[in-house]
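What follows is a short report on a single structure.
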Amino acid sequence: MSKNEAKPPKVTLTEGKQHYVPSTIEPKWQAKWEEKGVYQPDLKNANKPFYNLMMFPYPSAEGLHIGSIFTFGGVDVYGRFKRMQGYDVFEPIGLDGFGIHSENHALKTGSHPIEHAKRTEENFYRQLHTTGIGYAWKNKVETYYPSYYKWTQWLFIELFKAGLAYKKKSPVNFCPSCKTVLADEQVIDGKCERCGSFVEKKELDQWFFKITSFADRLLTNIESLNWTEKVKIAQRNWIGKSEGALLRFKVKDMDIHFEMFDSVPQTFMAQTFTVIAPEHPSVYALVKGTEYEKPVMDFVDRIKKKKAAKTFDTEKETEGIFTGRYIEYAPGKRLLPIWVASFVIAEYGTGIVNASAHDERDFAFAKKYDLPLHPVMFPQDPKLAQKVKNLEFCYHHAEDGILQEPVEFKGRKWGEVRQDVLNYLEEKGFGKRSAQYHLRDWLISRQRYWGPPIPMVFCSSCAEKGLSWFTEESSKRSYRSVNTALQDDKKNMAGWYPVEEKDLPVKLPYVEDYKPMGTGKAPLANYPEFYEVICPHCGGKATRETDVSDTFLDSAWYFFRYTSTDRDDVAFDKEIVKKWLPVTMYIGGAEHSVLHLLYARFITMVLHNLGYIDFEEPFARFYAHGLIIKDGAKMSKSKGNIINPDQYIRKFGADAVRCYLLFLGPFNQGGDFSDTGMEGMYKFIKRVWTLFTSQNITSANLADSANKIMHETIKGVTIDLEELRYNTALAKLMTYYNFFVKQDKISREEVEVYLKLLAPFAPHMTEEVWERLGNKFSIHSGGWPSYDEDALIQEITNLPVQVNGKLRAILILQHNDPKDGKSIRDRAQKDKRVAKFLEGKTITEVIYVVGKVLNFVVT
RNA sequence: GGGCGAGUGGCGGAAUGGUAUACGCGAUAGUCUCAAAAACUAUUGGUCGCAAGGCCUUGAGGGUUCGAGUCCCUCUUCGCCCACCA
């Protein structure tokens with residue numbers, strides 16, 4: 001026989017051949033699974049609850065794209081694996097449909113958001129049903145139905161009553177195109193996250209959640225979470241805790257004191273001037289009635305306008321103006337001129353700070369306006385030190401910089417002196433240790449239509465009397481306030497009352513004209529029939545809040561609701577939540593690292609504080625999946641590279657599509673989509689089908705080699721699945737298949753084990769073959785195969801032999817060959833491939849790692 | 001500017017410090033066929049060689065080690081996130 005002549009395969013594939021037609025078997029099993037409730041756990045009585053959750057989808061009207069099959073499929077593989085291991089897996093699905101994105105889409109297509117949502121919902125669920133994912137369909141949740149947002153509103157009220165929701169005028173990010181306010185997190189490079197327009201600053205009355213009062217707990221709890229590390233890092237950075245000193249200074253000739261935050265207190269003696277943010281409320285007080293009033297206030301106006309304008313580049317345009325005032329700087333016994341400076345951030349720290357020669361921005365500012373500088377820290381190199389003295393460059397953050405002042409710290413290194421300086425500042429009474437956070441309060445109100453109306457009522461006559469829910473109702477009932485430091489905010493809430501729980505939900509009325517107005521008022525403000533109400537306290541005329549809440553609030557608690565969709569008397573069933581939460585495995589995109597994940601943690605902490613739940617972290621484990629891209633770019637409508645999965649599912653079946661996507665690359669990385677590879681995966685599924693549906697299965701015992709590879713594969717696939725390494729798990733199954741094809745016969749045991757290992761990946765095909773083999777329904781609720789370590793012992797092992805670390809030969813060792821160093825060494829030296837390289841050399845050392853390698857070191 | 005991560009065949013990718021390139025795609029040749037497709041068989045990092053076999057190869061350079069894709073340092077390219085945070 002010549003080399004290339006075709007050999008018939010050992011296992012005949014033509015005999016009794018059954019064609020693999022996914023389009024008939026897939027819908028059949030989807031219907032049966034649902035009918036039998038295979039994926040519908042008994043939430044009350046489950047013994048081994050496992051909450052396997054996919055991050056709340058926010059589907060667009062176009063429906064799922066191929067990337068969704070990757071992520072949803074990957075989540076499902078894990079759930080199916082856990083279910084087969086004997087867990088009661090709860091894998092619910094729903095959709096997040098409120099929000100600007102949907103509303104904008106409705107505006108664009110000229111339909112009403114409600115109709116738009118209905119269409120999206122229908123399409124979304126239709127597509128999802130074709131994927132065969134093991135969802136608990138009875139527990140669906142959609143955020144825009146009153147049965148859901150009733151409880152979103154309830155949550156708002158709970159936060160309000162706890163003193164965690166407040167309203168205040170504030171400069172906010174306003175998108176002129178979306179005509180709404182955006183949270184800081186939704187502004188990217190000064191542009192709107194949604195539409196890309198440049199964001200403006202506007203002063204508007206807004207509702208906030210006091211997430212900052214949880215900053216420290218949100219930060220410290222991160223340590224205990226089993227989350228993808230980069231997401232933990234992103235959260236830490238976002239919370240942005242900075243420790244340092246809070247110092248207090250008096251303004252010369254005025255009864256004004258300023259507190260200032262200094263995160264680098266080591267060089268405090270270098271401070272020579274003070275800079276204050278243009279937006280700082282005290283700027284006017286400093287200059288009022290002086291010759292500086294007009295120029296300074298003009299300057300402030302100009303900078304404010306510039307900042308609001310789209311072209312302001314903070315890097316290049318540092319500007320300032322002198323106020324004519326001075327800080328009495330006690331530590332240095334000198335006066336510091338106060339300047340208004342464009343680069344100072346009003347919202348960070350206290351919006352005013354002393355400046356020194358050891359900060360780059362301050363240094364540059366001083367050079368520009370010829371302000372005094374007084375370096376107090378120098379490099380060890382005398383030449384460089386002289387340059388610092390001459391103010392040739394800014395010397396900062398140098399671990400081994402030597403301090404000269406104050407005398408108490410003369411000669412000590414910057415990097416070692418921090419704690420001592422902080423103690424010193426406290427002892428001298430200049431200030432105290434303090435921490436600042438980058439995290440801001442959560443701006444929760446939106447001047448839009450498509451969201452849950454904020455369930456609050458304002459009564460102006462109560463407001464005049466200083467009355468509010470806090471002065472009236474809360475004192476009648478014993479209501480535990482979460483935050484006792486909010487007395488001032490509570491006073492500012494005069495006139496506000498939450499809607500009574502019995503009157504919830506405040507339904508979002510169907511209105512024809514839902515377009516945003518761009519006036520700072522929401523569309524509902526045009527509908528007196530909506531907002532005109534009776535004050536719950538005095539019975540007078542009052543008005544409803546017409547803003548709606550941020551869609552991130554909808555998604556900050558949905559995982560509670562999934563467990564209790566049958567209850568309309570509570571947001572969630574405490575007992576069931578206790579049983580199922582925290583979520584055992586949460587899988588989602590890393591792009592939600594800070595927004596959704598932080599808000600969900602915050603809401604969970606609040607519910608914990610209010611006594612509703614006994615845990616304070618919602619997600620025990622979070623795994624960030626990767627993205628499927630197309631031609632190197634993220635799929636997006638604007639690029640026109642969105643791939644619709646429908647055609648592929650129709651052609652290749654859901655099993656092949658999801659296996660292909662998961663095989664592309666590691667689950668936490670994703671991959672680039674191409675349809676050539678999909679054909680290959682389809683062929684693989686088909687080959688497995690053909691092999692197992694042909695009549696070659698015997699009841700014979702396994703050959704030793706077959707036994708070994710079976711146990712090897714069970715072990716490998718089990719470990720890979722636990723780590724969500726789907727691509728390598730599939731590779732192992734392919735290798736195992738390649739082994740089958742070379743066998744004369746296959747035993748029933750092998751086939752069953754193989755089908756089970758493949759079942760999480762290809763649920764329909766394996767279920768069908770499982771049934772054809774006469775097994776009991778369903779493969780997915782049957783057990784997961786276990787492996788036997790003893791079966792993994794190698795009969796024959798290969799031992800690489802190296803000379804100076806270079807591979808020269810491979811020794812084939814039988815199971816009972818002597819494995820001691822001497823025997824192995826003797827054998828290796830006799831091997832001609834090795835001997836050749838030892839000839840004429842002196843062996844100085846022999847490294848032998850049992851079972852791994854033998855290495856001769858020669859000279 | 002700061003943080004995180006990644007550079008491995010034609011392509012996607014695999015490798016607890018111990019046989020680099022598993023698995024798949026693609027490609028080439030063959031069997032079957034009137035032919036094509038499908039299916040199956042074989043080959044497939046580069047290079048020298050008839051062969052046996054040799055040499056080279058994980059972005060570049062250095063280091064640690066008996067041994068480095070893997071650990072350390074320098075550089076470089078790319079990706080993502082944050083960014084006037086005192």
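Below, chains carry the letters A, B, ... as their sequence lines are ordered, and counting in each starts from 1.
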Nearest whole Å is fine: how far is [N] [atom2] from [X] [atom1]?
{"X": "N668(A)", "N": "G79(B)", "atom1": "CG", "atom2": "P", "value": "20 Å"}
{"X": "Y660(A)", "N": "G13(B)", "atom1": "OH", "atom2": "P", "value": "10 Å"}
{"X": "D831(A)", "N": "G53(B)", "atom1": "CG", "atom2": "P", "value": "11 Å"}
{"X": "H438(A)", "N": "G3(B)", "atom1": "NE2", "atom2": "C1'", "value": "13 Å"}
{"X": "K232(A)", "N": "C81(B)", "atom1": "NZ", "atom2": "C1'", "value": "18 Å"}
{"X": "I338(A)", "N": "A86(B)", "atom1": "CD1", "atom2": "P", "value": "21 Å"}
{"X": "W238(A)", "N": "G2(B)", "atom1": "CH2", "atom2": "C1'", "value": "15 Å"}
{"X": "Y395(A)", "N": "A86(B)", "atom1": "OH", "atom2": "P", "value": "19 Å"}

(message) Measuring centre to centre across the rings, with the benzene-like ring taken for any Trp, is F692(A) within less than 6.0 Å of F740(A)?
(response)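 Yes: the rings meet the under 6.0 Å criterion.
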
[N] phosphate, OP1 or OP2: any side-chain N/O from [X] under 4.0 angstrom?
{"X": "S242(A)", "N": "A86(B)", "result": "yes"}
{"X": "R361(A)", "N": "C85(B)", "result": "yes"}
{"X": "Y437(A)", "N": "C85(B)", "result": "no"}
{"X": "K806(A)", "N": "C56(B)", "result": "yes"}

When both hydrogen-bonding distances must be under 3.5 Å and the geometry is Watson-Crick or G-U wobble, what is [N] paired with, if anything?
{"N": "C4(B)", "result": "G79(B)"}
{"N": "G49(B)", "result": "none"}
{"N": "U70(B)", "result": "none"}
{"N": "C32(B)", "result": "none"}
{"N": "C85(B)", "result": "none"}
{"N": "C25(B)", "result": "G10(B)"}

Closest to side chain of [X], choosing from [options]:
{"X": "K230(A)", "options": "C4(B), A83(B), G54(B)", "value": "C4(B)"}
{"X": "V264(A)", "options": "A86(B), C55(B), G53(B)", "value": "A86(B)"}
{"X": "I233(A)", "options": "G3(B), G54(B), C85(B)", "value": "G3(B)"}

How far, in whole Å, is [M] from [N] if one measures between their [atom1] atoms?
{"N": "C66(B)", "M": "G17(B)", "atom1": "C1'", "answer": "12 Å"}
{"N": "C4(B)", "M": "C71(B)", "atom1": "P", "answer": "15 Å"}
{"N": "C73(B)", "M": "A6(B)", "atom1": "P", "answer": "14 Å"}
{"N": "C72(B)", "M": "G5(B)", "atom1": "P", "answer": "11 Å"}
{"N": "U65(B)", "M": "U76(B)", "atom1": "C1'", "answer": "26 Å"}
{"N": "G69(B)", "M": "A22(B)", "atom1": "C1'", "answer": "15 Å"}
{"N": "G45(B)", "M": "A14(B)", "atom1": "C1'", "answer": "15 Å"}
{"N": "U70(B)", "M": "U57(B)", "atom1": "P", "answer": "13 Å"}

(request) Report yes or no: do T212(A) and D441(A) form a side-chain donor-acceptor pair below 3.5 Å? (result)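 There is such a pair (donor and acceptor under 3.5 Å, judged by atom type) between the side chains of T212(A) and D441(A).
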
Looking at every strand, decide which applies to [X] at a 4.0 Å heavy-atom threshold: base, sugar-phosphate, or nothing.
{"X": "F684(A)", "result": "nothing"}
{"X": "K832(A)", "result": "nothing"}
{"X": "R236(A)", "result": "nothing"}
{"X": "V857(A)", "result": "sugar-phosphate"}

(request) Report the glycosidic orientation of G17(B): syn if within 90° of 0, anti in every other case. (result)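 G17(B): anti glycosidic orientation.
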
(message) Each nucleotide in nucleotides 17-24 of chain B should get exactly one letter: B, S or -. Can you fill that in based on protein heavy atoms under 4.0 Å?
(response) -BBS-BBS

(message) Please check: side-chain N/O of N354(A) versus main-chain N/O of Q271(A), any donor-acceptor pairing under 3.5 Å?
(response)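 Flag not set: sc N354(A) to bb Q271(A) has no pair under 3.5 Å.
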
(request) Give a yes or no on whether the backbone of M765(A) and the side-chain of Y20(A) come within a donor-acceptor separation of less than 3.5 Å. (result)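 Not at all, since once roles are kept as given, no pair shorter than 3.5 Å links the two residues.
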
[X] bridged to [Y] by N-O distance under 4.0 Å:
{"X": "R418(A)", "Y": "E243(A)", "value": "no"}
{"X": "E712(A)", "Y": "K732(A)", "value": "no"}
{"X": "E223(A)", "Y": "K232(A)", "value": "no"}

(message) Could you work out, with side chain to side chain contact (heavy atoms under 4.5 Å, CB included) as the rule, every residue matching I810(A), not counting sequence neighbours?
(response)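 Partners of I810(A) under the side chain to side chain contact (heavy atoms under 4.5 Å, CB included) test: N798(A), L807(A).
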
(request) Measure the shortest side-chain to side-chain distance between V417(A) and L403(A) over non-hydrogen atoms and say whether it is less than 4.5 angstrom. (result)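 A side-chain contact exists here, since the closest heavy-atom pair is under 4.5 Å.
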
(message) Using side-chain heavy atoms (C-beta onward) and a distance below 4.5 Å, is Y623(A) in contact with N668(A)?
(response)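 The answer is yes; the side chains approach within 4.5 Å.
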
(request) On RNA chain B, check which nucleotide each of D359(A) and E845(A) is closest to and give me the residue with the more 5' one. (result) E845(A)

